[in-house]
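Here is the structure we will look at, set down as structure tokens.
Because the structure is a prediction, the values reported are computed rather than measured. Counting begins at 1 with the first residue of the sequence. Order of appearance sets the numbers: ligands from 1, and atoms from 1 within every ligand.
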Amino acid sequence: MALPTINPTTTKAWEALQNHYEDIKHSHLKDLFAKSPDRSEKFSIEWKDFYVDYSKNRIDETTKKLLIDLAKEVQLDKAIQSYFEGEAINETENRAVLHTALRAPSSNTVNVDGKNVVPEVSDVKNKIKTFCDKVINGELKGYTNKPFTDIVNIGIGGSDLGPAMITESLEYYKNHLKVHFISNVDGDHVHQNLKDLDPETTLFVVVSKTFSTQETLSNATTARSWFIKQASQEAVSKHFVAVSSNIPNVTKFGIDSDNIFPLWDWVGGRFSLWSAVGLSISLSVGYKNFESLLVGAHEMDEHFKTADFEENLPVVLGLLSIWYNNFFGAESEAVIPYSQYLHRLPAYLQQGIMESNGKSVDRNGNPIDYQTGTIIWGEPGTNAQHAFFQLIHQGTKLIPAEFIGFKHSLFEDKDHQDKLMANFFAQTEALMNGKTEAEVLDELKSKNLPEDKLKQLVPFKIFTGNKPTTTVLINKLTPKSLGALVSMYEQRIFVQGVIWNIFSYDQWGVELGKQLATKILNEIDNSQISDHDSSTKTLLKKYLS
Ligand code: F6P
């Protein structure tokens, strides 16, 4: 069953939301709270060790009802069914989208073209486990019989961001292996990393679903040459493994077939960390923790699949995003994790969200005349407060922000944790309430300022407030809670894609630049510039001169 192809703007709910927006657009969150004292109960979801408070959003009960109506009218329920049942919902590439099967228990059945894929997934998981155990406990050794000390993940996009983000987020759970990530085709990236490595104790993990990505192949070739120069061609088989669905290309590159960890075409690059692409994660924190990550993600999948829309985290969060994008005209959203460990989460979500939903043609092949694809950005709090929060508080743009925080820190330093979380709560309250003229005046009066100075200062110190935030409060950062958190965002991407009537799982937009770069590289290699616009031509001449 294909995904429904309903233009959301033609639904009754959309029209009702547009009218409702006119009624609510000037309401202040402070007044909404005053009117409804039980607002935080009404607009919050408790799920396992997650508490998600979305009451500080510019919504009321009618908004929620109409947004849920919209989800129903575009047949989100049917879409969820097709997705989990392995239908080829990535229609432009004729593929199923089944990263959910990677984290399903081995007893589950997930059919792709009539074949249960779960046993294959389990086989690869066993291979990952055996390999990682041996590397971690030193049983598997390098060409001079020394145990490995360093792992180098070579990949880009989903073959880098996923493993890198998770490895850094789970740094607390790490073992003795040092894990490095090389992604950029910028030679300084690879050489800077190789500089301090010892070939005798370094294991390279080349990750590329297609095994045709320029950046990854260039970096892997450079790393292999560096290695052979100091070791030998024969030693490559002990130091290079690959993760890919393109076995012929990997073999051609010179990696032993025993050293290949396969994945399948129904695993999208930006959703692949749950597959063998997560090998570096498993090497870094051990297979048991990798498995907990998968369990957490699976639990969120089950919640998404079974919970009523009203109580469904990805559905509610996805709908809120639609509300701001399509009715308030918000262009971007901020994600602010109050945990330094999660500092790569916004970058990871940028690929997930923007590569998936940055589309302007609908599922019928027609150009779209409504907003899609949220621009996502962020940095960890409290650092972000001292960087861009000024604009969120007093700038001209509406930026809905999501705050992610943990009740317990990992080193259990209560003093630091209390300070961190005091900021976490203070910011959402400040963004909501702002500061009125009367409050500013009171504050300034106590400072005994001259009357004219006081009057002059007042307008600059007023905060209008009414800035929407959603708070995700989780008990503790563990592999399991992290898995659930990432899955929550993945499923939200799906929800928004279904509502916007776009295909979320292809990424044709990345192709054009790649094609042109190949052409230009050829011209650079031959010092022969062909037909380009005058700007590109001059720039190329300057580069070559
Ligand atoms: O940027 C496009 C893209 O295809 C991503 O979706 C993917 O994660 C990345 O390139 C890397 O692709 P591969 O794993 O095939 O090298």
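- Among all protein heavy atoms, the one lying closest to atom 10 (O) of ligand 1 is Lys514 NZ, 4.4 Å.
- At least one N or O atom of Ser159 sits closer than 3.5 Å to an N or O atom of ligand 1.
- Ligand 1 has Gln351 within reach: a non-hydrogen atom of the residue lies less than 4.0 Å from it.
- Each of the following atoms of ligand 1 lies closer than 4.0 Å to a heavy atom of Val510: 1 (O), 2 (C).
- Contact annotation for Thr210 and ligand 1: heavy atoms of both the backbone and the side chain come within less than 4.0 Å of the ligand.
- Ring to ring, Phe406 and Tyr338 are not that close: their centroids are 6.0 angstrom or more apart.
- For Asp150 and His180, the side-chain atoms include at least one donor-acceptor pair closer than 3.5 Å.
- In this structure, atom 1 (O) of ligand 1 lies nearest to the protein heavy atom Glu355 OE2, 3.3 Å.
- Under 3.5 Å, the side chains of Ser275 and Ser272 contain no donor-acceptor pair of N or O atoms.
- For the pair Gly158 and ligand 1, the shortest N or O to N or O distance falls below 3.5 Å.
- A search for salt bridge (Lys or Arg N to Asp or Glu O under 4.0 Å) contacts involving Glu91 returns nothing, not counting sequence neighbours.
- The Ile156 neighbourhood of ligand 1 comprises atoms 9 (C), 11 (C), with distances under 4.0 Å to a heavy atom of that residue.
- With Phe304 as the aromatic partner, Arg492 does not meet the cation-pi criteria of under 6.0 angstrom to the ring centre and within 45 degrees of the ring axis.
- Atom numbering of ligand 1 starts at 1 in the shown order; those under 4.0 Å from a heavy atom of Gly157 are 8 (O).
- Asp506 and Thr92 share a side-chain donor-acceptor pair at under 3.5 Å.
- For ligand 1, the atoms closer than 4.0 angstrom to any heavy atom of Thr213 are 12 (O), 13 (P), 15 (O), 16 (O).
- Side-chain atoms of Glu168 and His343 include a donor-acceptor pair closer than 3.5 Å.
- Using modelled atom types and a 3.5 Å distance limit, the side chains of Trp377 and Glu333 yield no donor-acceptor pair.
- When each atom of ligand 1 is checked for a heavy atom of Gly269 under 4.0 Å away, the hits are 8 (O).
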